[in-house]
Amino acid sequence: MKTPGLKTIRATLVDVDYVTKQGRPVIRLILKKKRFFRLFDAEFEPYFYLMPQGKDFKAAEKALMAVSFSEKGQKVTVKRVEEVKMDALGKERELLKVVCHHPSHVPLLRDKVAHVGTLYEHDIPFARRWLMDKRVSPFDKVEAEYAQEGRQVRAVKKVGEGSTALRTMAFDIETYNPKGEPDSSKDPIVMISEAIADPAGGKPHGHVITFKHSGGMKFVKVVESEKKMLEEFCRQVKEQDVEMLLGYNSALFDLPYLKARAGKLGTKLALGRDNSDFRSRRRGLNEVAKITGRIHVDLYPIVRFLGIIGALKTTQYTLSAVYAELVGRQKEKMIKKIDVWRMWDDNKMREELAEYSMNDAISTVEVGEKVLPMEFEMSRLCGATLFDVCGASTSQLVEMLLMRRAGEKNMLIPNRPRDDDAKLREGPVKGAYVKVPQAGIYENLAVLDFRGLYPSIICSYNIDPFTVDCEDCKNDGYKSPSGHWFCKKRKGLVPTVLNEIIDRRAELKKELKKLEKEGKVESAEYSVLFAKSQALKVLANSYYGYLLYVRSRWYSREGGESTTAWGRYYVQEMEKRAEKEGFKVLYMDTDSLFLQLGGKKKEDVMRFLSEVNKTLPEKMELELEGFYPRGLFVMKRGSERSLEKDETPAGAKKKYALLGEDGRIKIRGFELVRRDWSRIAKDTQMAVLQAILKDGSKEKAIAIVKERVEELRSGKAKMEDLVIYTRLRKSVGKYDIISPEVAAVKRAQKEGVKVEEGSLIGYVITKGGKSVSEKAQLVERAKDYDANYYIDHQLLPPVLKILGELGYGEDDLKMMGKQAKLGGW
DNA sequence: GCGGACTGCTTACCT
DNA sequence: ACAGGTAAGCAGTCCGCG
């Protein structure tokens with residue numbers, strides 16, 4: 001495509017946003033070739049769709065064109081109206097496309113034209129709309145034709161996959177904090193560290209900028225004052241031509257603090273390419289910050305997101321905890337944040353503080369290297385900027401992708417429900433099936449599960465809000481066990497997109513396997529493919545939840561109900577077949593079956609799998625999760641009594657331990673995987689489990705328990721092993737019931753301790769008081785501990801449950817409990 | 001007034 | 001501010017007993 005007077009550039013599209021110039025919106029692109037390169041699009045017009053009430057399109061058009069009003073000094077009118085045909089809410093319809101002068105007019109017009117008809121797509125962010133309509137995504141390689149004058153884009157198209165390599169700097173600040181929390185109106189920033197990522201994948205390197213001598217290390221740069229330090233930091237960002245700036249909680253802490261100090265000291269925080277600082281914007285619950293001409297990414301919300309979807313095991317989201325898990329080793333330098341001010345004041349400690357600070361910035365880069373690849377892929381996939389994707393919830397990601405595909409298919413995007421409509425969608429939906437296990441120890445188990453059960457059902461049965469109970473397919477649609485049926489003629493958007501995701505992921509997994517065979521696990525190619533596969537997995541697993549999410553655009557209660565109904569049907573069908581084959585089905589949860597092999601062999605399991613898979617719909621597959629020499633299900637609390645009647649003891653659901661063939665133990669649901677149990681209880685339960693599953697030795701197990709009881713009783717237990725952690729989800733006053741953690745917080749608050757809503761509370765049960773709540777004290781304030789509580793309520797119950805399965809009689813266990821109470825060991 | 005049974009609130013887990 | 005299913009502890013209440 002060559003047009004006279006136009007230039008062409010091939011580069012990676014990195015970012016899109018818009019500004020207003022002389023009242024008109026101008027799309028701004030950042031492309032990257034060697035450096036960032038800006039292009040503009042002043043021609044792109046904001047618009048929305050309108051479905052007129054009644055059939056009179058001409059009258060509607062007239063009414064729209066007649067709208068004219070002023071708001072905040074600007075005149076608002078409709079620029080143009082076009083008639084369009086779209087696949088709208090399940091059928092072909094005519095609609096009006098209403099073109100406006102400015103994106104900010106859309107919400108203003110919304111109310112003024114509501115009487116003409118129903119509005120659609122009136123809340124699509126303008127830059128995203130541009131990406132959708134131009135059919136390009138961030139991190140695509142694009143070819144753009146532009147007029148040299150004003151760098152106006154005339155045409156843009158995707159020509160391949162772009163590079164995600166950006167010049168990346170991470171930064172971190174240390175603040176003076178004599179009061180615990182720093183106060184930006186008084187307390188200076190004492191150090192700023194910055195680390196530059198090595199494009200070749202090596203260790204990051206960087207500097208610490210400070211204004212007092214901090215040891216003789218090379219990386220420390222001493223300037224005269226705090227003000228000079230801020231200026232030096234900005235100068236570095238500029239000089240290094242930083243394209244991506246990373247921080248950890250930088251949107252909420254570092255950047256605002258830097259800005260406040262800059263204001264106080266009479267200087268500017270010139271981080272942007274236009275020397276501006278940053279702009280904060282609320283998004284959902286969290287705040288995000290944009291820096292002009294660079295990509296600022298706060299890793300904290302990303303890490304939280306990974307935690308929520310279960311990709312991270314840590315329950316603490318401090319940089320060091322996250323670093324330890326992601327990078328696989330402890331951070332080199334650890335200090336307590338409370339000590340920063342003391343270290344700064346101490347000439348001998350300042351060097352250590354500088355090392356710590358440097359280390360924080362370096363760790364931030366490394367955490368970024370672990371979590372960003374998936375975000376890049378998500379951005380490419382959903383056609384939304386990194387800014388939009390980072391820290392977005394799974395429902396937002398699913399929705400971004402659906403909206404994008406809807407646009408490509410000329411399908412109208414359904415509206416998000418209003419608050420009151422969302423309320424109407426509330427109400428219970430029957431979910432998965434869970435089989436009650438029989439408590440006991442078993443030998444030779446096989447665990448089977450359906451690969452991606454819900455996604456495969458949604459695809460196989462075309463489950464979508466606009467295919468459900470379709471009139472044409474009343475008699476020959478896909479009939480779900482819940483009584484609804486789904487169209488066989490038109491494929492819904494949800495299953496279409498989900499299908500693409502599943503197929504693409506299957507391809508990627510093949511490629512990954514191939515690379516694994518070639519020993520290329522460490523290669524860059526492998527990590528890119530892995531990140532893609534991760535992004536697809538996150539999305540695929542979110543569609544079912546999204547169907548039932550009351551605020552979703554593609555909500556379908558019937559679809560969700562049918563998905564779980566089919567799920568229950570298939571997993572129970574597999575149970576019947578397995579039993580018929582001669583396996584005993586011990587336990588099932590949602591998509592999995594635990595078989596007891598009994599006299600049968602592994603080959604019988606494999607044969608069973610291939611047999612049943614022949615009969616399942618194409619997208620559905622039952623897989624072998626693994627073989628386990630031993631497994632344990634424990635009694636449900638309170639079901640001990642039924643033992644007297646010689647009934648089979650009912651096991652607890654969602655609690656089991658399996659011994660793998662490799663000797664590893666897989667544990668689900670036990671106290672020892674919960675953070676609201678003390679470490680001593682969890683460690684002991686683990687030790688007992690090991691002794692029993694691995695060694696089959698109850699003597700060993702009992703010895704461990706005795707030892708720990710003695711430790712507690714004699715007062716030798718370490719405080720840190722006694723802490724119970726619980727999240728304080730509401731503010732203290734809002735609780736109907738004063739549980740131990742709430743009582744502990746209340747007591748601490750009375751003495752001036754500040755506890756934030758949503759923070760993790762660590763408390764210890766002490767000797768003072770009658771009820772557990774009265775005895776609870778925050779760990780920092782606890783002086784002693786109540787040995788009896790820890791023995792009877794923490795240590796013994798979890799282990800007795802396990803020992804109970806070893807034929808260790810109930811009476812023996814009771815004795816052990818009593819003896820513990822009496823201290824008679 | 002007491003203790004046991006039960007309910008409801010709450011958290012964190014499983015898939 | 002993605003879904004439902006589940007265990008479990010503690011507070012608080014109810015109830016029978018005396």
Side-chain angles (χ1 to χ4, degrees), chain A residues 283-286 305 308-310 313 315 391-399 416-417 419 422 425-437 447 449-450 452-454 458 538-552 554-557 559-561 563-565 567-568 571 587-593 625 634-639 641 650-656 666-677 681 724-730 734-743 760-761 765 770-776 789 792-794 797-798 801:
Chain A
R283 195 180 53 201
L285 290 177
N286 32 0
F305 171 79
I308 289 165
I309 64 169
K313 276 184 240 121
T315 41
S393 67
T394 53
S395 70
Q396 287 170 313
L397 294 170
V398 164
E399 199 156 272
R416 213 183 280 142
D419 280 0
R425 291 176 171 184
E426 282 171 9
V429 168
K430 194 169 174 192
Y433 171 69
V434 187
K435 183 184 168 94
V436 183
V447 176
D449 56 20
F450 279 99
L453 178 67
Y454 289 167
I458 293 170
V538 170
L539 284 169
N541 289 338
S542 306
Y543 274 76
Y544 156 70
Y546 180 77
L547 277 178
L548 287 175
Y549 172 46
V550 294
R551 293 182 190 283
S552 89
W554 277 271
Y555 174 83
S556 175
R557 161 179 284 265
E561 274 171 1
T563 306
T564 55
R568 292 190 300 271
V571 76
Y587 175 60
M588 300 151 71
D589 186 350
T590 313
D591 59 356
S592 63
L593 297 104
E625 196 270 333
V634 295
M635 259 185 280
K636 188 176 156 161
R637 177 183 148 280
S639 67
R641 262 168 292 112
K653 296 169 173 178
K654 299 186 189 279
K655 282 195 165 194
Y656 59 85
K666 179 174 171 173
I667 300 155
R668 292 293 120 102
F670 279 116
E671 286 77 5
L672 73 92
V673 301
R674 296 178 62 105
R675 69 164 168 221
D676 55 357
W677 282 80
I724 299 164
Y725 291 98
T726 309
R727 190 166 302 286
L728 195 68
R729 290 170 172 277
K730 312 189 248 187
K734 291 197 181 123
Y735 282 88
D736 292 339
I737 287 190
I738 307 305
S739 44
E741 68 275 16
V742 178
L760 196 64
I761 309 300
I765 304 304
K770 270 179 83 184
S771 68
V772 181
S773 281
E774 282 171 45
K775 291 161 175 267
Y789 173 82
D792 292 336
H793 294 268
Q794 288 276 323
K801 269 196 293 209

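So that the names make sense, note that chain A is the first sequence line, chain B the second, and so on, each numbered from 1.
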Round to a whole Å and report the spacing from NZ of A:Lys734 to P of B:dT11.
-> 13 Å
Give a yes/no verdict on a cation-pi contact between A:Lys653 and A:Tyr587, requiring under 6.0 Å between NZ or CZ and the six-membered ring centre and an angle within 45° of the axis.
-> no
Of the listed C:dC2, B:dC14, C:dG5, the closest approach to the A:Arg668 side chain comes from B:dC14
Using whole Å, report how far CD1 of A:Ile309 lies from P of C:dC2.
-> 12 Å
Step by step, work out the side-chain contact (heavy atoms from CB on, under 4.5 Å) result for A:Asp591 and A:Val571.
-> CA-CA 6 Å; A:Asp591 59 356; A:Val571 76; 5.7 Å; no
Examine distances only and state if a side-chain atom of A:Arg674 and a backbone atom of A:Gly669 form a donor-acceptor pair shorter than 3.5 Å.
-> no
Between atom OH in A:Tyr549 and atom C1' in C:dC2, what is the gap in whole Å?
-> 8 Å
Quick one: label A:Val673 by what it contacts on the DNA or RNA (base, sugar-phosphate, nothing), any heavy atom closer than 4.0 Å.
-> sugar-phosphate
Atom-to-atom span, CG of A:Leu593 to P of B:dT15 - whole angstrom | 13 Å
Spacing of A:Asp589 atom CG relative to C:dA7 atom C1', expressed in whole Å | 13 Å
What's the closest nucleotide to the A:Lys653 side chain, out of C:dT6, B:dT11, C:dC2?
-> C:dT6
By salt bridge (Lys or Arg N to Asp or Glu O under 4.0 Å), which residues pair with A:Glu625, not counting sequence neighbours?
-> A:Lys666
A correct 5'-to-3' footprint of nucleotides 8-15 of chain C, with B, S and - meaning base, sugar-phosphate only and no protein heavy atom under 4.0 Å, is SSSS----
Collect all protein-nucleotide pairs involving nucleotides 3-7 of chain B in which both atoms are nitrogen or oxygen and the distance is under 3.5 Å.
none

Between B:dT10, B:dT15, B:dA12, which nucleotide gets closest to the side-chain atoms of A:Tyr735?
-> B:dT10
Let me know the distance between CG of A:Leu397 and C1' of C:dA1, rounded to the nearest Å.
-> 13 Å
Comparing nearest nucleotides in DNA chain C, the 5'-proximal residue of the pair A:Gly545, A:Gly431 is A:Gly545
State whether the side chain of A:Glu399 and the backbone N or O of A:Ser395 hold a donor-acceptor pair below 3.5 Å, judged by distance alone.
-> no
Closest to side chain of A:Glu741, choosing from C:dG5, C:dA3, B:dT11 | B:dT11
Roughly, in whole Å, what's the span from CG in A:Asp676 to P in B:dC14?
-> 12 Å
Could you check A:Glu671 against A:Lys655 for salt bridge (Lys or Arg N to Asp or Glu O under 4.0 Å), going step by step and ending with a plain yes or no?
-> CA-CA 9 Å; A:Glu671 286 77 5; A:Lys655 282 195 165 194; 3.1 Å; yes
Any donor-acceptor pair under 3.5 Å linking the side chain of A:Ser552 with the backbone of A:Tyr546?
-> yes
When you check the side-chain N and O atoms of A:Ser771 and A:Ser773, is any donor under 3.5 Å from an acceptor?
-> no
State whether A:Ser393 places a side-chain N or O below 4.0 Å from either non-bridging phosphate oxygen (OP1 or OP2) of C:dC2.
-> yes
Could you tell me whether A:Lys775 contacts a base, only the sugar-phosphate backbone, or nothing, with contacts defined as non-hydrogen atoms closer than 4.0 Å?
-> nothing
Does A:Tyr555 place a side-chain N or O at less than 4.0 Å from the phosphate oxygens OP1/OP2 of C:dA3?
-> no
May I ask you to evaluate whether A:Lys730 reaches the phosphate of B:dT10, defined as a side-chain N or O under 4.0 Å from OP1 or OP2?
-> yes
Give a yes or no on whether the backbone of A:Tyr555 and the side-chain of A:Arg425 come within a donor-acceptor separation of less than 3.5 Å.
-> no
Expected output: side-chain A:Thr564 to main-chain A:Lys430 donor-acceptor under 3.5 Å | yes
A:Tyr544 has its side chain closest, among C:dA3, B:dC14, C:dT6, to C:dA3
What's the CD-C1' distance between A:Gln396 and C:dA3, to the nearest Å?
-> 16 Å
Does A:Thr590 put a side-chain nitrogen or oxygen below 4.0 Å from OP1 or OP2 of B:dT15?
-> no
